[in-house]
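All chains are named by letter (A, B, ...) in the order of the sequence lines, taking the proteins before the strands, and each is independently numbered beginning at 1.
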Amino acid sequence: MTIELIIGKYNYWIYISLMMIGFYAMIAKKNLVKKLIGMNIFQTSIILFFISIGSKKGATIPIVEEGVKTIQANQYINPLPHVLMLTAIVVMVSTFGVALALLLLIYRKYHTLEEDEILNLRR
Amino acid sequence: MSHLPFPILIIVVPLISAFLMILLGWLRKSLCYLLLIFVLGITTLSSFMILEEVLWKGSIHYRLGGWLPPWGIEYVIDPLNGFVLLIVSTISLIIGITSKPMVEREFPERAIYFYCLYLLQITGLLGIVITGDLFNLYVFLEIASLAGYALIAIGEEGAPFASFNYMIYGTIGACFYLLGVGYLYIESGSLNMADLTKLLPGLLSSKVTLIAFAFFSVGIAIKMALFPLHVWLPDAYTYAPSTVSTLVAPLTTKVGAYVMIRVMVNVFPPTFFTETLPAALLLRWMAGLGILFGCLFALAQKDLKRMLGYVLIAEIGYIAMGIGFGNRNGLTGAILHIMNDGLMMACLFLFVGAITLKGWPRKIDQLQGLHQTMPLTSAAFVLSGLSVIGVPPTCGFFSKWYLVLGAIDAKQWLSAAILLASSLCNAILFFRVIEKAYFGKAGNEQRIERPILKRDEAPLIVLIPLWVLTLGVISLGLFSGTIISNIIHLTIPASF
Amino acid sequence: MIKGIPPGFIYLLGALLVPFWKGRIKQVYLLLLGFLSLGNLILLETGRFWTIRFLNYDLILLHVDRLSMAMGMIFIGIGLLALLYSLHVQEDGQQVAALLYMGSSLGVIFSGDYFSLFFFWEIMAIASTFLIWYRKEKASLEAGFRYLLMHIIGGCILFTGIILHVVSTETVLLQSPAGSLASWLVLIGFGLNAAFLPLHTWLPDAYPEGTPTGSVFLSIFTTKTGVYALARCFSGTEWVAYMGGAMALFGVIYALLQNDIRRLISYHIISQVGYMVAGIGVGTALSTNGGIAHLINNLLYKTLLFMGMGSVIQMTGKKKLTELGGLATKMPFTCATCVIASLSISGAPGFNGFISKGMLLSAMAESNQPWLEWMLRLASVGTFLSFTKLCFFTFFAKNDRIEAKEASLNMCLAMVFVALLCLTLGLYPTILLSILPYPSAPYHAYTLSHVLGVFQLFLWTGLIFILAKNAFSPHAWIILDFDYFYRMAFKWMAWFFKGPLHGLRISIQEGCSRKVQGLIQFSKNPLVFIENPSKGGTKDYDENLYRKPMGLGVLLAILFLFFYSLIYLISS
Amino acid sequence: MEGTISIKPLLALGTSALAALLILLTGERRKNLREGWTLLASVIKFSIVASMIPAILQGKTLEWTLVELFPGVSFQFRVDSFGLFFATLASCLWIATSIYSIGYMRGLQSASQTRFFFCFALALHGALGIAFAGNLLTLFIFYEILTVSTFPLVAHKETEEAISGGRKYLAYLLTGATLIILAMGFTYTLSGNLNFKAGGFLKGHGTDPLLILIFFVFIIGFGTKAALMPLHEWLPTAMVAPTPVSALLHAVAVVKAGVFCVLRVILYVFGPQLLAELNLWLLLAYMASFTILVSGMFALAQDHLKRRLAFSTINNLAIIILGASLLSPSGITGSIFHIAAHGFMKITLFFVAGAIYVKTHKEKVNELDGIGKAMPVTMASFAIAALGISGIPPMAGFISKWYLCLGSLEAKEILFLFVLLGSALLDIAYFVPIIYHSFFKKPTGDPFPQVDEASLWMVAPIAICAIGSIVLGLFPNAIFHFFEIATLSAKNVLGVP
């Protein structure tokens, strides 16, 4: 366990901790909204993961200025993860939207969003 | 660059029509159904043309926007995609045709949105199958899932909760898959499947690749409802509206199975899956337990649809087991079962839809006299039930046959025993229902009083597709030899 | 040139048409059948005819030589008389059975190969059983069943022998069986029909239980075909000869102890068959001739006896010596014919029994078998004794309570006719001698020594009867025969099959179905072993009761991820 | 042996399938038409099958391939002598059964007759398909059709008892069927082939222990249908079915199909040589002998007439298997011939049981005292058939007994001869009391006041089948050439010219 492993790869640690927080919420929280928030945190951690793997020290965002003839790859961070994550964010947002709509439906039906109460109601 | 536009048509047409559907719905509600059928017809036609071309000329590479891989998104269509594509589009067309009376009965005011979501769902499923890019696959996976969540939530009392449940698991599965893609990208710098196939053999020793593989294993397992990660399935499919479960049940899980084959056997080298890692072993175990579990719990169910849900879990187990055997026969069985199970499940869920349409309860105990009022419908159920049991010459037998051959080749006696035991279990399951429907007098459970047991058959628009599916179930078995030697054998990696 | 057809066929085919006739026409038809076969007999020539290809064999349905011819003549002749005797019988079935019985025994006599012999042998057994059953009493039903069982067992033994023979020789031709096992089995098979000891029990068991007319047929054919078959295949086997002697003695002794008149005669059949078997066993030309001659004679007087006793039973309804008596005046024809028959069977000079018994005794003496000779002589004493007893107690003893009329015309006619035959053959033995199998063995019946010997015997016997009349007077006791053991064996077997074995099956079945019930219960709720959340005990599965929070599934997913990664990392 | 291509097998199969469809479409309203279809189909089918006899006798085989199922295995019909034997028997007795069942079902005014006739036609379809199948897989397809189509027939009465009988039937047979899949899988993996070949095709493949395993899986699989002990228990239970079904089940289609399949496996998959090398035949023969004796003993204990007949069936099926397992020419001939002989005799017995039930509603053996007087033709037929089953000449049973016993000696195992004879004795012991009680026992009072013979629809098939069993015994080659075909099959299998 070297210090490098902790410091050098801090991005991964952050992503993992975020992910675990999200999981914790999904597993332990009884409230469906909290679960949903957990899910969102979990998804965000993935975005973080992807963005961080595309980054390089000292590089800039991958937008080529007008007139530049030769592109040096090490001056730009990898554009692909960004592109992917743009799409992923869209997906996640829509998931979130659908989820909220579902919660609305659930609330109308059971008048509660606590999972154990709903389960009890259905027994 | 292919000269034919079909590969893109098959995605774009339903996608665009999904939005057109809403516009059209504002104008003329009655036209929506026709649009749906029209679009599904186009996709079916296209997939048919695609498969034909693939079979004649070899794989099609279709690059979106002209970008070269690995940067651009490429649609690669080999016989496996083509085959699954055809299955998905055909079944969705047939189910689409039957949707009208069910929609009108269950949720007429939401018909437009239903049709829209239906098309989105199909877009997602077809996209998953057709794409040659791992990330693109994720996107389509989520499109299909989101449409699925929404569709399921339309259903009866427990549906929104079941749908939410499904969504949590589905998202986790999809995210795991996405993480797997990310790790592979770290290692190889590519997202293109064909590219990865070339790159990966050199990278197998890396731990990152291993972790990626683990993420894929779990993520896809959740999506295809492999035991014990199936927990979302029974509730979601039971409470979904009948037409939705008819659509979702046969297709979603099958497409998940397709993804599993694609990733584990095609993208990664097959030996990695079977020899380097105990992945195949784990898969077999999960599948075996899943089959037993599915059968056992199906036995305990009183609700016909729920029972079918558990049967579906067992069927997924079959496919996974076939993949897990890691040999030619096993994989043949798995791929064949994707088709067969798609047909059988469509048929069975459609049967449930048809009887619900006529006001019959879904409780197995209350089906007495069904054969008198709906003889043709119940006959279809009997035949497809026999297929699930694996009675020849129905198609279910042939996939089971290949799976058993695979088990023998792999010397997996326990698996063989499980496969055979499960078909017995299925026999109990289905004959229990058949017995109630045909020999109803025996039960001393309260018999629902139906004063007139006149013939009251499901409408033709349901009945004909049901019987088309049933005939498919009966006859495709006999043509499985042709299908296998002309299509499936082309899809199996040479190392098997 | 008209060739004869196998004589059995006339009766066998004829039997099929019986149900289509009624009343008088039926009677005419039956007699016609008899005469037809008599005529057919004349057309027969020596040799093998009617060879047909059946399955993989060449079967000879008509094998005529002097032996079968002699047997055929007496069978057909006496059969005709028996038909006459039973003309009054109304039931079609009984007539059919009798015809089938006759036909099949003729089939046995004339078949030249083992296959067809056995074929007819079995039909004979079945057909004869029906003659017993037709009496419709409980006792006769059971006795018939025992009779059938015994014959089927005998048939099985014979069958095994034949099969062994056929396999080892690859031919079905009728000849002495090859191989010791085969020949023993065939011998036992034949011997059962010939009432070998201790396989004889069917005879005294079943014959008294037959219908009055049926018993006549029974007494004619079954044992005689056995004797015929022995003569065909086992002529000259010493063991058989001693068996014959033993049978002759045994039969007589048991006959003396009987009370039931037909049972008495039945035991006499054993005794008489013993004579024949002894003759055949000795196997010289004279002794075989004697055996066959005795067979012919025995058929005549034994049939006559059964006819007479049948009439008595039919007319009085009684069949015990203790209940009978004083019928001499009431049934004079019956009485007279019975006396003739008794004298014949006892071998009085002038009656036919005298001829054949004499032949046998001389043959024994000739071939140096003093033991056998004395056994047969002793049996003769017993025979005379028992028939004196029979006639006395049936016809002459005092009995005032009995009422009877003379038997019907056809019966009397048949009886008188047979009686005349007995006398004819006794007085003109050349007729008899001319048809015997060995024409080269001359015999002179009425020599002085023969006649004197018989008279000597009669005197002594008469003396004994008069002195010890009381000792011989009939008693209503039960005499234990081998029968008892067979019955016990069958009873135990039946008990075992119906009791313990059946019980075992049922209990296994119930055990299985309990297991299945348990499984069904389990399948209704596979979670019985896990604690039921609604503390109601084991109820049917209900998804709402068992629905777990969704966090559990999420946890499962993570655990699986962890688990998979771990395994992959370790194993790579 | 080159097969001649002929469409006749397909036509014969098509006839019954079409009949089933027509019956279903005609339905309950037009009864006469519906039953007309049954009769018409049975006659047409029989004539098609019979028209194949001459070609087979010339040593040809008729083939028709529909579609290749997988490499080396097609959906194929191949009519050889053995198959034709069974097909002739089944289609011939179908005519009798159709006539009879019309009488029976009308006599009882049974419900759901359309279902009954439909399933009946389908079951015959399955039986014929089994007979004509050219390979194991095709055979299995029809085997399952037969199994499934018989279930509604067993459960026809829809009482609790009938349904549980049906369940038991299915449970046993489907378990057997799954084992067959396994065994077929092994066979295919070993040899890459499933096509029947006279004398077997498995020789030279696989190791001995594996072959032994496959053999037993096969025998257990098909043995359930052939009611080999201890897999027999479904059969007596299935006696709740209406009598024509029991007749069909126990004399012609179902159990015979099971035996047929066992024989196919013994003679056409494994082959005499291989079985002799592995010494498996002896084991099978012991199994069969056990069944023969024990079922005979069980039969003695049954009061229920049909159940007694059921155990007798179990007994006879095992006899057929025993004969074939002896692997000697006469044994195989006798065993094949016994399929027909037993078919004719047992169907008569069941028909009689049904006729009695229709007229008197009595099913117990001890209730039949004196019924011979009321129904003389029926009971006479019973007597003929029962005695025939016990191997008494001139009925057909005698010929099969003769050949089976010869076979046991040719195989140098005299033990089996005793088994066969012992079973004949047991047959006598449990059949003959019925005969004499029904004819001769004087019942107390008149138990059958107004009973006479059943309708002509029923009596005619009874009498015809009874006469048939005599004719078959006297002229075993008459009309259908049963004996010749059986001999031919035995020769083919053993490779004797």
State, yes or no, whether a side-chain contact exists between [X] and [Y] at a heavy-atom distance under 4.5 Å.
X	Y	value
Tyr110(A)	Glu157(B)	yes
Leu36(A)	Met167(B)	yes
Leu105(A)	Phe164(B)	no
Phe49(A)	Ile186(B)	yes
Tyr185(B)	Leu84(A)	no

Tell me, yes or no, whether the heavy-atom count around [X] atom [atom1], taken from other residues, nucleotides or ligands under 6.0 Å, exceeds 12.
X	atom1	value
Lys302(B)	NZ	yes
Tyr12(A)	OH	yes
Tyr113(B)	OH	no
Lys34(A)	NZ	no

Check whether [X] gets within reach of chain B through its side chain, its backbone, both or neither, counting any heavy atom under 4.5 Å.
X	answer
Leu119(A)	side chain
Ile118(A)	side chain
Tyr15(A)	side chain
Leu32(A)	both

Using heavy-atom distances under 4.5 Å, tell me whether [X] contacts chain A through its side chain, its backbone, both, or neither.
X	value
Tyr183(B)	both
Phe161(B)	both
Ile172(B)	both

Practice problem: Pick whichever of Leu146(B), Asn136(B), Val139(B) has the most heavy-atom pairs under 4.5 Å with chain A. | Solution: Leu146(B)
Looking at [atom1] of [X] and [atom2] of [Y], how far apart are the two atoms once the value is rounded to the nearest 0.5 Å?
X	Y	atom1	atom2	answer
Asp235(B)	Arg122(A)	CG	CZ	6.0 Å
Ile106(A)	Ser163(B)	CD1	OG	8.0 Å
Met85(A)	Leu178(B)	CE	CG	5.0 Å
Met26(A)	Tyr169(B)	CE	OH	10.5 Å

Exercise. Would you please test Val91(A) and Tyr138(B) for side-chain contact (heavy atoms from CB on, under 4.5 Å) and show each step?
Key: CA-CA 10 Å; Val91(A) 169; Tyr138(B) 163 78; 3.9 Å; yes
